[in-house]
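Comments concern the structure below.
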Number of protein chains: 2
Amino acid sequence: MRKDDYNKRKRLGMKVTKPTIKNIARAAGVSTATVSRALAYKNNLKPATAKRIRQIAQEMGYHKNVAASQLASNMTNTIAVIINYTQTDFWIGILNGILHRARELNHQVITFYAGDNDSRRLTQTVNEALEHQANGILMISGKMEQEQVEILSTAHMPYRLISIYNPEHPEHRYVSSNNVEIGEQATNYLIKRGHRRIGLVGIDHYLTGQQRLFGYQRAMTAAGLPINPHWIHYGDYSYQDGKKLFSAIQDGSVTAVVAGSNMIGAGLLKAATQAGWRLPEQLSIISIDGSDTCELTTPELTTVSQDFYQMGITSVDNLLQDQPSTFIPTTLIERDSVQPLPTEK
Amino acid sequence: MRKDDYNKRKRLGMKVTKPTIKNIARAAGVSTATVSRALAYKNNLKPATAKRIRQIAQEMGYHKNVAASQLASNMTNTIAVIINYTQTDFWIGILNGILHRARELNHQVITFYAGDNDSRRLTQTVNEALEHQANGILMISGKMEQEQVEILSTAHMPYRLISIYNPEHPEHRYVSSNNVEIGEQATNYLIKRGHRRIGLVGIDHYLTGQQRLFGYQRAMTAAGLPINPHWIHYGDYSYQDGKKLFSAIQDGSVTAVVAGSNMIGAGLLKAATQAGWRLPEQLSIISIDGSDTCELTTPELTTVSQDFYQMGITSVDNLLQDQPSTFIPTTLIERDSVQPLPTEK
DNA sequence: GTGAAAGCGCTAACAC
DNA sequence: GTGTTAGCGCTTTCAC
């Protein structure tokens, strides 16, 4: 039966054969097994038969029922991605990388959005993801809670935490950049350019923020510089918080800041410019989390950049090949937002 | 059996009961039907029994097998999203809206990435989407080809084209903003500010670009202004093309341009600034496609803005409630990138 | 309020 | 090279 016929018959209220392998088998005068083989391009049947069957399937408007197929074969070739934080935009690059690589490896991606660090919904979402019998779960998150990780790890399903890690729990595997090194790298860059009073703006109170803070402290200490608690300001990595937090450093207490994220940096830049400041003369900014596209969002910003797209790629490979936790390297992209200062004596 | 026990037994190589309703039924001394009802929170069974069963399921680490469930019930509660264009970033807002709304309505979202206007892959992806027996397909695309729309429309599955539409084929339903009006709106804004030599930069040769071009022409003609073909420049809506296309208007032939997308506008801005131009004195830019977040990407840009998040929301509702095609309204966001010119005589 | 049983559409032994 | 058949794990109708 032709596709056109299908519509016509349906319109006329005529009975129509649902396109299933059973009906294809009947139409082709073969068994369902043969149809199944033909449609799966197995090589153990006569090419002519295979071709004829596929032709008929096409004409009947057949589309495989994935649910049935998965149930019977006990294979899903699916990766579940949980997105748990969209305040800052790094998830986009990661998801993009995941989608690309998954497709290369013939895997489906099923995406779950779990709200912004909403613990209850995250728990629920992790459970939903588990119901899909995926090959594994990739979790792009801003903060981790014990409860969710526990669900994941007791579920007997491979998973990776993306862009977040907990050194105290090495058993929870991750693909991330090294936040301590990032904090250190950014701070050292400013120190080398002569800055001594350096702020850290927009980090959070959880793992990621504290790791970056630790790196910052390590760099300052190694350089023999004092740290004033009033130089540290907390936020949620968002553009809005970046704009708000400018007021916290408006007193001129620091000559340079490490911005906790690309977005925080952009917000600071915007607020400072609006306040009539000339940058980088009055304030040097280096941001963390810059991605490939950060030239667009903040062309002027020197940044410790992570290749999030690559992180997505690596995550998929790491998950499917059962590799150990790994750090994604970071690069420093210099632009004109950092002012070299004469070294003080 | 407790979850902890599960791991211990597994480690010791002991036999372990796979958590299925059958095994739960056995453990609870009831039938599989009762278990199924309990887990689905049906109200036609004794609360005590239901609770006990759920307790046992929990202890066994049970997670429903979605494939089996879907197959048996013939319901998927799934929306398939096909992303077919990521050169410009509007898809992010849309996807975000879709994810949110879908979750509110208890629907899963399965995401397919089909490359960037890669026709062959799109065809393949549409077919994959169809295999998932979704309630419907949302297709975020930059350009449409007859082939894919045909597959969609002959597949007996509801679908909506997002952010693209073809007036010649009203039978293919869409949720989009009105590109003709957008082009007209942007052009009129510049005309009202006194501009007469107005460029249109970065549109494509397909539906969207031609519709915006038509709106541009309508506005110019209505204002009695001539149109010079050398004021129209084509591109792919990307930031890169925006930077490149600056060279096309560097001769000063126009005093203002309508940028085909947010990204094109940003690229023009960047290239112009790099070339030492003062904006908006030397060139006024108004961009199309600005989203809520465009303050971040191009804070200086006046823009005809579409609420892409809302477009995502609307798409889901429109699809599931079988509503007719609809346009999303646009708003104009004024910033300091357009220079009012004295009206020429 | 609960159980028995059919069957969703497909895959994969195994048989011939 | 192709057919037969037994499920995959769940839902749902029909009994009782």
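Labels below follow one simple rule: chain letters A, B, ... track the order of the sequence lines, proteins then strands, and each chain is numbered from 1. Because the structure is predicted, anything quoted here is derived from the model rather than measured.
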Are the charged groups of [X] and [Y] less than 4.0 angstrom apart, N to O?
| X | Y | value |
| --- | --- | --- |
| B:D322 | B:R160 | yes |
| B:E147 | B:R120 | no |
| A:E59 | A:R54 | no |

Practice task
Check whether the ring centres of A:Y165 and A:H172 lie less than 6.0 Å apart, and answer yes or no.
Solution key: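 Ring centroids of A:Y165 and A:H172 are no less than 6.0 Å from each other.
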Problem - B:H169-B:Y174 aromatic ring centre distance below 6.0 Å - result: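 Ring centres of B:Y174 and B:H169 not closer than 6.0 Å.
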Between [N] atom [atom2] and [X] atom [atom1], what is the distance in whole Å?
| X | N | atom1 | atom2 | result |
| --- | --- | --- | --- | --- |
| B:M75 | D:dG9 | CE | P | 22 Å |
| B:K18 | D:dC8 | NZ | C1' | 8 Å |
| A:K22 | D:dG3 | NZ | P | 16 Å |
| A:I53 | D:dT2 | CD1 | C1' | 10 Å |
| A:Q133 | D:dC10 | CD | P | 8 Å |
| A:N74 | D:dC10 | CG | C1' | 14 Å |
| B:N44 | D:dT12 | CG | P | 11 Å |
| B:L45 | D:dT11 | CG | P | 13 Å |

Which part of the nucleic acid, if any, lies within contact of [X], taking any heavy atom under 4.0 Å across all strands shown: a base, the sugar-phosphate backbone alone, or nothing?
| X | result |
| --- | --- |
| A:S69 | sugar-phosphate |
| B:N65 | sugar-phosphate |
| A:I21 | base |
| B:V30 | sugar-phosphate |

Practice task
Output yes when at least one side-chain N/O atom of A:K42 is less than 4.0 Å from OP1 or OP2 of D:dG1, else no.
Solution key: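 Indeed not, no polar side-chain atom of A:K42 lies that close.
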Problem - OP1 or OP2 of D:dT2 under 4.0 Å from side-chain N/O of A:S31 - result: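 For A:S31, the contact criterion (side-chain N or O under 4.0 Å from OP1 or OP2 of D:dT2) is not met.
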Practice task
With the side chain of B:S73 defined as its heavy atoms from C-beta on, choose the nearest nucleotide among D:dT11, D:dT2, D:dC8.
Solution key: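 So the nucleotide nearest the side chain must be D:dT11.
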Problem - Among D:dT11, D:dT2, D:dC10, the nucleotide that comes nearest once only the side chain of B:S36 is considered - result: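 Comparing D:dT11, D:dT2, D:dC10 against the side chain of B:S36, the answer is D:dT11.
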Practice task
Report yes if a donor N or O on one partner sits less than 3.5 Å from an acceptor N or O on the other, where the partners are the side chain of A:R52 and the base of D:dT2; otherwise report no.
Solution key: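 Answer is no: no donor-acceptor pair is held.
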Problem - A:A28 versus A:I56, closest heavy-atom pair with distance - result: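 Result for this residue pair: CB-CD1, 3.6 Å.
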Exercise for the section: Identify, with sequence neighbours excluded, every residue that meets salt bridge (charged side-chain N to carboxylate O under 4.0 Å, His left out) alongside B:E168. Expected result: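 Scan of B:E168 (salt bridge (charged side-chain N to carboxylate O under 4.0 Å, His left out), adjacent residues dropped) gives none.
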Handout entry: Leading and trailing nucleotides of DNA chain C with any atom under 4.0 Å from heavy atoms of chain A
Key =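 Range of nucleotides touched by chain A: C:dG9 to C:dC14.
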